[in-house]
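Below is one structure, written out as structure tokens; comments come after it.
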Amino acid sequence: MDADIWQKPEDRGPTAYDRHARRPSVPAGDCRRGDRGRRGAGRITGGQADAPIGVISAIAGASSRVLLDRTAIAPLLAHPDAVLAAAGQVGSQVKIRVGTSWIIANVRSLALEAAMGGVIAGEIDFLGEGDEDRATGALYGFRRGVTRYPMPGCEVFAVTTRDLREVYAAEDRANIAIGTVYPTADVPAALYVDAMLGKHFALVGSTGTGKSTAAALILHRICDLAPQGHIVMIDPHGEYAAAFGRNGAIHDVSNLQMPYWLMNFEEHCEVFLTSTGEQRQFDADILAKCLLAARAKSRLGQAIAKLTVDAPIPYLLSDLTGIISLEMGKMDRAGDTSPYLRLKGKIDEIKADPRYGFMFSGMLVADTMAAFLQRIFRLPGDGRPISIIDVSGVPSDITAVVVAMLARMTFDFAIWSRNEPQRPILLVCEEAHRYIPNDRQAESSVGRILGRIAKEGRKYGVSLGLITQRPSDLAEGVLSQCGTIVAMRLNNERDQAFVRAAMPEGARGFLESIPALRNREAIICGEGVTIPIRVAFDDLEDARRPASSDPLFSALWRDVGGEEQIIDRTILKWRAQGK
């Protein structure tokens with residue numbers, strides 16, 4: 001090799017390596033740095049970009065051990081290239097030459113080796129490799145995975161902004177730019193849309209980290225890329241209507257008009273049954289018999305030879321209660337009528353409650369299924385590809401049923417349209433831990449259908465996007481079904497461990513920095529990116545931001561006046577339940 005940190009002390013001045021390590025014998029053409037011309041072409045003016053900062057000391061399949069020289073790293077700390085200035089730090093990247101290729105690795109952890117005179121030992125994870133330009137020594141053609149491993153003794157170099165630009169260069173695939181690669185200010189970070197949506201994605205992060213704005217940014221970029229797309233977003237807090245007023249369709253209790261007869265039998269049970277234990281099963285049997293008879297009374301039901309209780313056939317609630325009363329009249333003893341009375345009483349209660357009008361209105365009996373699917377799934381999109389389903393005004397006792405219906409209809413539509421020209425649908429679920437809890441005893445229809453979409457949806461063209469601040473509360477296995485994970489700062493150790501377990505091995509080094517991420521930063525790994533990446537998200541214009549900003553107590557508590565009118569207007573809406 002030519003002159004480098006492995007020179008004799010009399011030629012170059014002492015380092016920790018000279019005092020405690022011998023220069024290893026390296027096979028020719030494997031780890032050599034090349035001639036002066038190649039080195040010189042890659043040098044950054046005024047810095048040490050072409051000088052090694054350490055050596056490989058041990059090799060394993062996915063990760064390896066390196067020894068870093070503090071005296072070689074020190075001159076880089078003040079370098080104007082932000083990537084070089086971060087050389088050797090946890091979360092930074094290094095490169096190793098093997099033959100005519102460069103291997104890129106991520107620094108996972110560091111420890112001071114006091115016994116070796118202050119040498120720093122580090123664990124690195126191999127990310128991928130690229131070819132070396134024979135004339136300049138520059139990296140090009142980067143790809144995921146490593147085909148040829150370095151040998152112990154190979155020199156380790158710091159990467160530059162130029163290297164990262166090549167590593168994270170978007171391929172000729174559909175992609176969206178969402179920010180910049182940390183710590184650079186101009187290397188764009190891209191997500192591959194087809195790979196990300198084809199195998200589901202999850203966005204996790206603690207409250208206040210910019211999670212909602214990041215979700216809006218990603219969805220805006222997807223909408224800009226595919227203005228004729230089909231996206232359904234479940235919005236439990238009414239945040240996203242402000243963000244997608246221009247390029248989306250907003251549905252809430254005032255205009256959702258979701259027909260109750262679209263519910264399947266399981267969803268009917270969750271709404272109409274109030275009993276538990278053995279009584280619940282008895283009540284369910286009665287409801288199944290009466291519901292099938294009510295569906296069969298309609299003209300559409302009569303045209304189907306083998307009608308099932310789950311078929312989305314319109315029926316009148318009055319027909320259902322009438323059939324329940326008729327069946328109750330056939331009972332011999334008064335004690336036998338209690339299940340029928342419970343059912344009839346619950347149905348009458350829901351019909352009379354104005355909060356349920358968006359779903360149980362008498363106007364929803366006509367066959368509006370086609371029009372409803374067109375509105376919700378944006379078929380056609382008309383340049384507004386996203387439907388925001390604001391369920392914040394839905395009564396809490398049936399919110400899960402409404403979400404279950406929307407998710408199930410998305411999945412059922414994909415299944416029954418398999419022989420038609422395919423129209424993939426993205427279903428995004430905010431606060432996903434509310435609907436897919438890890439408590440098996442709390443399992444409901446919404447948890448089962450979202451879990452099924454996570455496992456089988458990609459086969460039918462249904463993509464699932466999960467957004468949550470408590471990933472550890474998600475049902476076991478759901479997060480691991482997400483091929484792309486966008487992890488913002490997580491303060492809870494249990495959440496961190498849960499996300500760490502769902503991430504691929506090569507991203508473990510990046511995960512160590514999750515508790516230290518700043519707001520609007522994330523670690524992204526999986527199918528949607530070439531290799532794991534730390535991203536600083538782009539700014540989003542005010543008109544495209546969700547209404548999720550925290551209140552400024554110090555300013556708002558100085559704003560006084562008009563409190564009586566505020567209370568009067570609030571009570572009026574409170575009593576009318578938003579009507």
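Residue numbers start at 1 and run along the sequence shown.
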Whether the side chain of [X] engages the backbone of [Y] through a donor-acceptor N/O pair (distance < 3.5 Å, no angle test) should be reported.
X: R494; Y: P471; value: no
X: S392; Y: H237; value: no
X: R518; Y: A516; value: no
X: D81; Y: T161; value: yes
X: R520; Y: F537; value: yes
X: H200; Y: A454; value: yes
X: H79; Y: A85; value: no
X: E166; Y: G141; value: yes
X: Q93; Y: G91; value: yes
X: S92; Y: Q89; value: yes

Go through the side-chain N and O atoms of [X] and [Y] and say whether any donor and acceptor fall under 3.5 Å apart.
X: D495; Y: S472; result: yes
X: D186; Y: T184; result: no
X: E430; Y: Y240; result: yes
X: T147; Y: E129; result: yes
X: S101; Y: E132; result: no
X: T468; Y: H433; result: yes

N/O donor-acceptor pairs under 3.5 Å from side chains in residues 209-222, not counting sequence neighbours:
{"residue": "T209", "atom": "OG1", "partner": "S206", "partner atom": "O", "Å": "2.8"}
{"residue": "S212", "atom": "OG", "partner": "E239", "partner atom": "OE1", "Å": "3.1"}
{"residue": "H220", "atom": "ND1", "partner": "N247", "partner atom": "ND2", "Å": "3.4"}
{"residue": "H220", "atom": "NE2", "partner": "A243", "partner atom": "O", "Å": "3.1"}
{"residue": "H220", "atom": "NE2", "partner": "R544", "partner atom": "O", "Å": "3.2"}
{"residue": "R221", "atom": "NE", "partner": "A177", "partner atom": "O", "Å": "2.8"}
{"residue": "R221", "atom": "NH2", "partner": "D538", "partner atom": "OD2", "Å": "3.4"}

Say you draw a straight line from [atom1] of [X] to [atom2] of [Y]; how long is it, rounded to the nearest 0.5 Å?
X: M359; Y: Q257; atom1: CE; atom2: CD; answer: 13.5 Å
X: L474; Y: C482; atom1: CG; atom2: SG; answer: 8.0 Å
X: R375; Y: N255; atom1: CZ; atom2: CG; answer: 6.5 Å
X: I103; Y: L139; atom1: CD1; atom2: CG; answer: 11.5 Å
X: L262; Y: L406; atom1: CG; atom2: CG; answer: 10.0 Å
X: E456; Y: L464; atom1: CD; atom2: CG; answer: 12.5 Å

What closest approach, in Å, do [X] and [Y] show between heavy atoms, and which atom pair accounts for it?
X: R434; Y: P236; value: NH1-CB, 3.5 Å
X: T570; Y: I566; value: OG1-O, 2.7 Å
X: S109; Y: V90; value: CA-CG2, 4.2 Å
X: P259; Y: F372; value: CD-CD1, 4.1 Å
X: T530; Y: R144; value: O-NE, 2.6 Å
X: A414; Y: V462; value: CB-CG2, 3.4 Å

Check this for me: [X], atom [atom1], are more than 12 non-hydrogen atoms of other residues, nucleotides or ligands nearer than 6.0 Å?
X: R458; atom1: CZ; answer: no
X: R246; atom1: CZ; answer: no
X: E493; atom1: CD; answer: no

Heavy-atom side-chain proximity of [X] to [Y] below 4.5 angstrom:
X: V193; Y: L225; value: yes
X: I234; Y: L427; value: yes
X: F358; Y: V394; value: yes
X: F413; Y: I425; value: yes
X: P395; Y: Y356; value: yes
X: V94; Y: N106; value: no
X: I178; Y: I176; value: yes
X: F201; Y: L426; value: yes

What's the verdict on side-chain hydrogen bond (donor to acceptor under 3.5 Å, both in side chains) for S445 and E270, showing C-alpha distance, side-chain angles and the deciding distance? CA-CA 8 Å; S445 58; E270 291 194 20; 2.8 Å; yes

Salt bridge flag under 4.0 Å for residues [X] and [Y]:
X: E521; Y: R534; result: yes
X: R355; Y: D353; result: yes
X: K199; Y: D194; result: no
X: R408; Y: E267; result: yes
X: K95; Y: D163; result: yes

Go through it in stages, so that I can follow the logic: the residues are R143 and D131, the test is side-chain contact (heavy atoms from CB on, under 4.5 Å), and I'd like the CA-CA distance, side-chain angles, deciding distance and then a yes or no. CA-CA 9 Å; R143 55 216 174 258; D131 299 319; 3.2 Å; yes

Test log, rule side-chain contact (heavy atoms from CB on, under 4.5 Å), inputs T180 and V187: CA-CA 5 Å; T180 54; V187 176; 5.9 Å; no

Which of these passes side chain to side chain contact (heavy atoms under 4.5 Å, CB included) with V446: V403, V401, V402? V403

For I523 and L517, what are the C-alpha separation, side-chain angles and deciding distance, and is it a side-chain contact (heavy atoms from CB on, under 4.5 Å)? CA-CA 9 Å; I523 303 296; L517 291 174; 4.0 Å; yes

Begin with the C-alpha distance, continue with both residues' side-chain angles, and end with the deciding distance and a verdict on side-chain contact (heavy atoms from CB on, under 4.5 Å) for C525 and T484. CA-CA 6 Å; C525 72; T484 304; over 6 Å; no

Quick check, are the ring centers of F157 and W102 under 6.0 angstrom apart? yes

